[in-house]
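One structure is given below, encoded as structure tokens.
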There are 2 protein chains.
Amino acid sequence: MSIGADPEPGLLSRIVSDMQAAGGDPLYLKMAQTIGALIEAGELRGGAALPSERDLAKAAGCSRVTVRKAIDELCRKGIVSRRHGAGSFVAKQIDQPLSVLVGFTEDMKRRGAVATSRVLEREVALADPSDILKLGLSPTETVLRLTRVRLSDGEPLAIESAVVPASAIDIPSMGESLYDALRASGNMPVRALQRIHAGIATAEDAGLLGTAPGSPVLRIERRSFLSNGRAIEVTTSSYRGDRYDFIAELTLDP
Amino acid sequence: MSIGADPEPGLLSRIVSDMQAAGGDPLYLKMAQTIGALIEAGELRGGAALPSERDLAKAAGCSRVTVRKAIDELCRKGIVSRRHGAGSFVAKQIDQPLSVLVGFTEDMKRRGAVATSRVLEREVALADPSDILKLGLSPTETVLRLTRVRLSDGEPLAIESAVVPASAIDIPSMGESLYDALRASGNMPVRALQRIHAGIATAEDAGLLGTAPGSPVLRIERRSFLSNGRAIEVTTSSYRGDRYDFIAELTLDP
DNA sequence: AAGTGGTCTAGACCACTGG
DNA sequence: CAGTGGTCTAGACCACTTT
């Protein structure tokens, strides 16, 4: 037997004992979280074998169906892969899927920078026709329009203009992060579509971004949706082409 | 009862009878395909209710677990959404998730245009250090390097340079489409990461794309991977900023 | 209260991988 | 060959929505 590919001895009991600690989640999620934590903590290296589904079920005192749901979850996140007839293994390349729905603040944090911003415009106004169309509003609704220069480690990186229905956030208590405010009011989007194209900085863009007019910018229009499919945010941004890359993941089977 | 939200009468028998036709796939996939086909054919509109899981199981003569797996599949693709305690419904906005892994030819087809190309360079050569790094090759391996101007409906849209290990395709039989060749040799990637940023056209770019030097371009570097995680393709492209948008989907939970 | 999806069980058989 | 994941069953109870 090739030792490297076999489940680490004692792994089974580690998983089961750690699992007791988890909260009120369903059993299959607890198991997925427990195994996921062991992987993220580096205790299970890439390529390491998980215990077999039957062993996990026996040790955890649950059915194999439940174990399968737990491993399904880990496969969905891409941190475990299955091989029919062979076993389940920790995925080798934990290439962070960077196409995750986050706001500017979190995006910068993930890139190891600190986000700040300078507000250019902040108003509550009647939705204009374009907002009505993109957000699916009624013509009498009001929106918060927030235009900011976004800075990364103190350097201007983007001009961002966000529009959200005024009813979706508690404006007085809102801080720097729009997404924190959306989350606080239970309106955090779960999905977004981005349209990305290349443009060149206008004189105004250049002044705000500290670049030369005619320099390249990445223009991004983001529409974000709640889990019920309702649009909750439209943001248009212009990023400095020389300082920002957008990373997208594509998959074969949608 | 609100008629619009109830399952269409006769729907159950439609699903079950159509299901018999499907091939050797597992039962849950057959059911998912059958329902998915009804939705794509427009027979089930957005918001329409599916029959309950118990009804589907009874009508199809299978267990509810199997029905749930079928509906899981449809939910994963985003064409059905569940509401606990209420039912399962056809998703309202079948906003095609456009961030699907396809080559230029298929991308243009989906946008309703015809793709052609003009080959600038086509050679089999030793992998250079950059290829070795990005594709994980050994220094003695050879690669196919294919540089083309890509045209959409006859107009230049992009300059694309692809590198694949020579061992991964049958070069003599290869046609216009690199992805067709990869598929034919069983090396179709299932996943890719794209790095996208904005740039401006050099004089050479401009000449090939038929634009002015200094006009905006979208520079895309794509690395594609097989299901076993091995890198199979690196393509760098420059798209005309005025004629191409990249569309990406972001989700909250990776 | 009735009906829905969400979780879970304790089995079973099949298809595949590996020694 | 033994062991693995892949599919499937016939139930059960819980949590939630709707009427």
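In what follows, chains carry the letters A, B, and so on, assigned in the order in which the sequence lines appear, proteins first and then strands, with residues in each chain numbered from 1.
Within the structure, a side-chain polar atom (N or O) of B/Ser52 is placed less than 4.0 Å from OP1 or OP2 of C/dT4. Taking side-chain N and O atoms only, B/Lys69 has a distance below 4.0 Å to OP1 or OP2 of D/dT7. A close approach under 4.0 Å does occur between a side-chain nitrogen or oxygen of B/Ser88 and OP1 or OP2 of C/dG5. Using a 4.0 Å cut-off, no side-chain N or O of B/Thr66 falls inside it from OP1 or OP2 of D/dT7. Regarding contacts with the backbone of C/dT4, every side-chain N or O of B/Arg82 stays at 4.0 angstrom or more from both OP1 and OP2. Contact annotation: B/Ser63 does not reach the phosphate of D/dC8 (side-chain N/O to OP1 or OP2, under 4.0 Å). Remark: B/Tyr28 is not in phosphate contact with D/dC8, judged by side-chain N or O atoms under 4.0 Å from OP1 or OP2. OP1 or OP2 of D/dG6 sits under 4.0 Å from a side-chain N or O of A/Arg68.
Rounding to whole angstrom units, CG of residue A/Leu74 and P of D/dG5 are separated by 13 Å. A/Met31 places its CE atom 12 Å from the C1' atom of C/dC8, with the value rounded to the nearest Å. In this entry the distance linking CD of A/Glu53 with C1' of C/dA12 reads 15 Å, nearest Å. Spacing between atom CG of A/Asp25 and atom P of C/dG6 amounts to 15 Å, rounded to whole angstrom units. One can place NE2 of B/His84 at 11 Å from C1' of C/dG3, the figure rounded to the nearest angstrom. Distance CG (A/Leu56) to P (C/dT9): 13 Å, rounded to an integer number of Å. The distance from atom CG of B/Leu29 to atom C1' of D/dC8 is 13 Å, rounded to the nearest whole Å. Atoms CZ (A/Arg54) and C1' (C/dA12) sit 10 Å apart, rounded to a whole Å.
Using a 4.0 Å cut-off between charged nitrogen and carboxylate oxygen, A/Asp245 and A/Arg111 do not count as a salt-bridge pair. Using a 4.0 Å cut-off between charged nitrogen and carboxylate oxygen, A/Lys69 and A/Glu73 do not count as a salt-bridge pair. Between B/Asp72 and B/Arg82 there is a salt bridge, since at least one side-chain N of the basic residue sits less than 4.0 Å from a carboxylate O of the acidic one. With respect to A/Arg68 and A/Glu53, a salt bridge is recorded, a charged nitrogen being found less than 4.0 Å from a carboxylate O. For A/Asp180 and A/Arg183, the salt-bridge test passes: some basic side-chain N is under 4.0 Å from an acidic carboxylate O.
Proximity of residues 9-16 of chain A to DNA chain D (heavy atom under 4.0 angstrom from any strand atom) is not detected for any residue.
Residue A/Ile71 is out of contact with every strand shown, counting any heavy-atom pair closer than 4.0 Å. Note on B/Arg83: only backbone sugar-phosphate atoms sit closer than 4.0 angstrom, heavy atoms only; bases stay farther off.
Listed by first then second residue, pairs satisfying salt bridge (Lys or Arg N to Asp or Glu O under 4.0 Å) with a partner in residues 34-52 of chain A read A/Arg14-A/Glu43, not counting sequence neighbours.
Taking for each of A/Arg64 and A/Ala86 the nucleotide of DNA chain C with the nearest heavy atom, the 5'-most of the two is the partner of A/Arg64.
In this structure, A/Arg83 is positioned above the aromatic face of A/Phe89, its NZ or CZ under 6.0 Å from the six-membered ring centre and within 45° of the axis.
B/Asp18 places no side-chain N or O within donor-acceptor distance of the main-chain N or O of B/Ile15, the cut-off being under 3.5 Å.
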